[in-house]
Every structure is written in C-alpha cells, then in structure tokens.
Peer 1: 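What follows is a single structure, and I will ask about it in a moment.
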Amino acid sequence: MTERAPLSRKLSAIAESATLKVDAKAKALKAEGKPVISYAAGEPDFATPQFIVDAAADALRDAKNFRYTPAAGLPELRQAIAAKTLRDSGLAVDPTQVIVTNGGKQAVYQAFQAVVNPGDEVLLPAPYWTTYPEAIKLADGVPVEVFAGADQDYKVTVDQLEAARTDRTTALVFVSPSNPTGSVYTRDETAAIGQWALEHGIWVISDEIYQNLVYDGVKATSIVEAVPEVANQTILVNGVAKTYAMTGWRLGWMVGPADAIKVAANLQSHLCSNVNNIAQRAAIAALNGPQDEVEAFREAFDRRRRLIVAELSKIDGMTVPTPQGAFYVYPDVRGLLGRTWAGKTPSTSLELADLILDEAEVAVVPGEAFGPSGYLRLSYALGDDQLLEGVQRLQKLFG
C-alpha cells in the first residue's frame with residue numbers, strides 16, 4: 001500500500017508560540033494544585049469594561065448580527081477605527097482603508113501576505129514578538145534579525161538597519177511600544193527610521209497595539225505621524241485586546257494604502273469572511289465610549305511597572321531597563337548564567353527559566369523566544385499581590 005502523502009512542509013516548520021506554550025505549562029501546573037505564579041502571558045487581568053459587555057449583550061438581541069456581514073468589517077466599526085487612527089496615529093484614512101480581523105495576529109499575518117513575495121527579506125528588530133518571524137516565513141519571506149541590547153534600550157538604529165539592508169529587503173517590522181521589551185522610540189528616532197524606509201521604498205509593518213499604554217509622560221509617536229509621506233508604504237496593525245482588556249474577544253484590524261488593503265481583503269474573504277459580529281459591536285462601544293476605565297488600567301500598569309523594576313533591580317546579576325510602554329519588563333540576566341543556583345548551573349536563559357519554574361514555581365519566558373539568549377520577559381499584567389510575591393521568590397532563589 002502506498003504511504004500517505006506528507007504533511008505541509010511549510011506548516012511543519014512553524015514553531016509553536018513560545019509565550020502561549022509557557023503560559024499553558026503554568027496553567028497546567030496550577031491545575032495540579034501547585035502555587036505557580038505566571039508572568040508569561042501578555043494578558044491584562046482586568047475585566048472588560050461593563051459598558052462594552054452591555055453593548056455585546058444588546059447585539060445578541062438584534063437578529064441582524066446573526067447573518068453574514070461585509071468581510072472587511074462592519075461599516076460603523078471601520079469608521080470608528082478610522083477615527084481612532086486619526087486621533088492616536090495622526091493619520092487621516094478612509095474607512096475603506098480598514099480591515100477588521102480576528103485579533104491582531106490575523107492582521108499581522110495578512111500584512112505580511114500582502115507585501116512579501118517569495119525570497120523577500122524582512123528586517124526584524126530583535127528582541128521581537130515570537131509570532132513575527134513565523135508570519136514572515138508563512139509568506140515565504142526571510143526574517144533578518146537586527147539586534148539591539150539593553151545598552152540601546154532594545155531600540156535599533158538607522159545605521160543598523162542600513163547595514164542589514166540588501167537588494168532583497170522589502171519590509172521592516174516597527175513596534176513601539178515594544179513587545180517584549182516595553183521600549184518606546186522617541187519621535188526623532190521614529191522619524192529617522194521612517195525617513196530611511198521612505199528613501200529606500202521599504203514597506204513598514206507597524207504594530208501599534210500598545211500605543212495607548214505609555215508612562216512617564218511619554219507619547220508613542222506613530223511612524224506615519226512622524227513621516228506622513230511613508231503612509232503610502234505602511235500597514236498599521238492594532239486591536240482592542242490590550243487597551244480594553246479584550247484579549248478573548250479576538251478583535252483587531254489593519255490600516256493601510258488602498259491597494260494593499262484590497263489584496264488583504266481578498267485574502268480575508270476566502271480565509272474567514274467577517275469577524276464575529278457580536279465582538280465587532282463590542283469594539284464599536286470600546287472605541288466610541290468613555291475611556292475612564294482605560295486610564296485606570298494604564299495607571300494600574302504604571303504602578304506595577306515601577307514596583308517590578310524596583311524589586312527585580314535588587315537581584316545581583318540582573319540588569320533591568322525601565323520600560324516606558326506596554327506591560328512587560330525585559331531584564332538582561334546574563335549575569336545569572338554560569339553560576340550555580342539550587343544545585344544547577346544554567347548556561348542559557350532557557351535553562352534559567354526552567355530552573356525558575358522548578359525551584360521558585362514562577363513562570364517567565366526565556367529570551368530565546370524573542371531572539372538571543374540571555375534575557376527574560378516578565379509581564380506585569382497580573383494582580384499586585386501575586387506580582388510582588390513572584391519577584392520575592394526570585395529574590396530568595398538568587399539571593
């Protein structure tokens with residue numbers, strides 16, 4: 001009998017999301033009764049604001065939401081997203097330049113599918129979110145890592161990008177505020193990168209999902225606001241998950257030039273059609289409604305940010321840059337490697353993360369998930385008491 005045909009080589013080469021893998025392991029240990037504290041998932045611990053939930057409940061009572069709607073999104077939501085893009089990114093767009101997606105991840109996937117051809121190189125500043133290189137490879141592109149360490153506040157320079165550029169470079173991933181580091185590019189830094197991309201005709205995929213979570217009076221300047229001319233070769237990716245504590249609602253979007261949005265919309269029409277209408281109605285309420293609770297969330301994250309940086313900085317061997325955005329801290333832990341802790345001598349941050357989970361029952365994500373070894377990502381989107389207890393366990397382990 002003839003053997004079964006093989007599975008897809010492309011999909012078989014894709015790695016599982018490291019952040020979700022660590023979070024799943026932590027949840028499994030919790031289910032076994034172990035007191036694990038997890039800093040793994042980038043998920044706010046707050047409840048979705050009630051007025052948003054109420055809008056969804058109202059939508060459930062309206063039969064028109066039980067039918068197919070335009071694949072690119074409800075017109076009212078696309079209008080609300082266009083208004084937000086002008087308000088927060090400084091870019092005036094027509095609602096037809098918006099596609100509503102099943103979370104920010106689908107927007108990221110479709111953005112690369114829209115602008116990357118087989119063999120194209122995509123410059124990927126590292127540390128990077130674990131999904132970017134896989135999404136680039138799914139578009140038959142080649143991710144080219146450009147690393148910036150803690151000494152640069154994890155921000156790449158134009159000189160680094162230019163050194164990595166070749167005649168096959170077609171796109172750049174730009175993320176500010178950053179997942180996993182929480183770093184925020186200044187307006188001047190953003191303008192310099194935007195001008196460089198403009199001069200070389202390079203597409204920019206700009207992930208702005210954390211743009212409303214900034215601290216210390218910092219503003220996350222959109223690359224299309226810093227360099228308006230680059231908008232014709234930029235796709236903005238965003239969503240309601242982080243700002244409005246709506247991770248499970250799966251509602252994101254992409255904004256870009258009409259031709260890029262057209263090809264991405266064609267893809268979505270075959271891929272999934274419209275996003276769940278109830279979630280779309282909830283997102284309309286989120287974007288158009290009061291923002292008081294969003295500000296309360298931001299203030300809570302700010303308090304936790306200051307606490308975790310102060311406490312982690314007490315650990316000898318950790319270098320902890322202060323993040324100015326998102327809800328992550330990304331310490332350089334190379335000073336902890338090669339030393340013996342609880343009878344073990346980790347040589348990589350992957351081994352260190354395993355040791356921390358085994359000995360302190362604390363889940364963190366190793367730097368290997370985001371680029372080079374030697375770093376850890378900790379999300380401070382968890383309750384204040386657990387946040388402090390988890391860090392105190394680390395202080396005890398490495399004391």
Side-chain angles (χ1 to χ4, degrees), residues 1-34 36 38 40-43 66-69 71-72 99-122 124 126 128-145 168 170-171 173 205 237 247-252 254 260 262-277 279 347-351 353-354 357-358 363 365-373:
M1 185 171 62
T2 304
E3 288 188 11
R4 188 188 69 176
L7 296 171
S8 163
R9 288 187 295 274
K10 182 188 293 187
L11 295 191
S12 296
I14 297 301
E16 178 184 0
S17 168
T19 52
L20 295 182
K21 182 178 181 179
V22 173
D23 188 55
K25 184 176 181 180
K27 287 176 178 175
L29 290 172
K30 282 184 180 180
E32 294 174 6
K34 295 185 178 180
V36 173
S38 178
E43 182 171 40
F66 307 158
R67 305 300 180 193
Y68 290 128
T69 54
I99 300 175
V100 181
T101 60
N102 289 284
K105 275 188 178 179
Q106 184 180 342
V108 168
Y109 170 82
Q110 291 183 172
F112 289 124
Q113 291 290 328
V115 305
V116 175
N117 286 296
D120 284 351
E121 295 178 349
V122 179
L124 181 61
Y128 48 75
W129 179 43
T130 183
T131 291
Y132 297 136
E134 306 303 334
I136 292 167
K137 288 183 279 189
L138 282 170
D140 295 319
V142 180
V144 177
E145 294 183 24
R168 296 170 63 191
T170 193
V173 179
I205 310 300
V237 175
T247 52
W249 295 78
R250 308 314 302 141
L251 196 295
M254 56 191 298
K262 172 62 176 173
V263 297
N266 289 344
L267 169 61
Q268 183 159 315
S269 72
H270 295 290
L271 184 67
C272 65
S273 298
N274 64 278
V275 173
N276 181 291
N277 291 318
S347 60
T348 66
S349 50
L350 181 61
E351 293 175 358
D354 284 339
L357 185 57
D358 292 340
V365 186
E368 285 87 343
F370 312 107
S373 180

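Given the structure is predicted, the values throughout are model-derived calculations rather than measurements. Hydrogens, waters and symmetry mates are skipped; everything else that's a heavy atom, side chains included, is used.
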Peer 1: Is the count of non-hydrogen atoms from other residues, nucleotides or ligands lying under 6.0 Å from Tyr68 atom OH greater than 12?
Peer 2: no

Peer 1: For the residue pair Thr130 and Glu134, confirm or rule out a side-chain donor-acceptor distance under 3.5 Å.
Peer 2: no

Peer 1: Any heavy-atom pair between the side chains of Leu357 and Leu29 that's under 4.5 Å?
Peer 2: yes

Peer 1: Indicate the atoms forming the closest heavy-atom contact of Thr101 with Val275, along with that distance.
Peer 2: C-CG2, 3.3 Å

Peer 1: Assess whether side chain to side chain contact (heavy atoms under 4.5 Å, CB included) is satisfied between Val122 and Val116, documenting all intermediate values.
Peer 2: CA-CA 8 Å; Val122 179; Val116 175; 3.8 Å; yes

Peer 1: Would the number of heavy atoms belonging to other residues, nucleotides or ligands and lying under 6.0 Å from NZ of Lys137 be above 12?
Peer 2: yes

Peer 1: State whether the number of non-hydrogen atoms from other residues, nucleotides or ligands found under 6.0 Å of Lys30 atom NZ is greater than 12.
Peer 2: yes

Peer 1: Are the side chains of Val173 and Tyr128 in touch, meaning some heavy atoms are under 4.5 Å apart?
Peer 2: no

Peer 1: Report yes if the side chains of Val263 and Gln110 come closer than 4.5 Å at any heavy-atom pair, otherwise no.
Peer 2: no

Peer 1: Please answer whether the main-chain N or O of Gly252 pairs with a side-chain N or O of Gln106 as donor and acceptor at a distance below 3.5 Å.
Peer 2: no

Peer 1: With a 4.5 Å heavy-atom cut-off, do Val237 and Ile205 have their side chains touching?
Peer 2: yes

Peer 1: Side chains of Ser38 and Lys25, heavy atoms from C-beta outward: is any pair under 4.5 Å?
Peer 2: no

Peer 1: If I take atom CG from residue Asp120 and atom CD1 from residue Ile136, how far apart are they, to the nearest 0.5 angstrom?
Peer 2: 11.0 Å

Peer 1: Considering all heavy atoms of both residues, which atom of Val115 and which atom of Thr170 are nearest to each other, and what is their separation?
Peer 2: O-OG1, 3.8 Å

Peer 1: Out of curiosity, Leu124 CG to Glu145 CD, how far, rounded to the nearest 0.5 Å?
Peer 2: 6.0 Å

Peer 1: Taking all heavy atoms of Ala264 and all of Ala114, pick out the closest pair and write down the distance.
Peer 2: CB-CB, 4.4 Å

Peer 1: Measure the CG-CG distance between Leu7 and Leu11 for me, rounded to the nearest 0.5 Å.
Peer 2: 9.0 Å

Peer 1: Keeping the roles fixed (side chain from Glu121, backbone from Arg168), state whether a donor-acceptor pair exists under 3.5 Å.
Peer 2: no

Peer 1: Where is the tightest heavy-atom contact between Gly119 and Val142, given as atom of each residue plus distance?
Peer 2: O-CG2, 4.1 Å

Peer 1: Strictly distance-based, threshold 3.5 Å: is any side-chain N or O of Ser269 a donor or acceptor partner for the main-chain N or O of Asn266?
Peer 2: yes

Peer 1: Does a side-chain heavy-atom distance below 4.5 Å link Gln113 with Tyr109?
Peer 2: yes

Peer 1: Starting at NZ of Lys105, measure out to CH2 of Trp129 and round the result to the nearest 0.5 Å.
Peer 2: 5.0 Å

Peer 1: Which heavy-atom pair separates Ile99 from Ala265 by the least distance, and what is that distance?
Peer 2: CD1-N, 3.4 Å

Peer 1: Side chains of Val365 and Phe370: does their closest heavy-atom pair fall under 4.5 Å?
Peer 2: yes

Peer 1: Looking at every non-hydrogen atom in both residues, tell me the closest pair between Leu251 and Ala279 and how far apart they are.
Peer 2: CG-O, 4.1 Å

Peer 1: Would you check if Lys10 and Asp140 make a side-chain contact, meaning some heavy-atom pair closer than 4.5 Å?
Peer 2: yes

Peer 1: Is there a donor-acceptor contact under 3.5 Å linking the side chains of Ser349 and Ser373?
Peer 2: yes

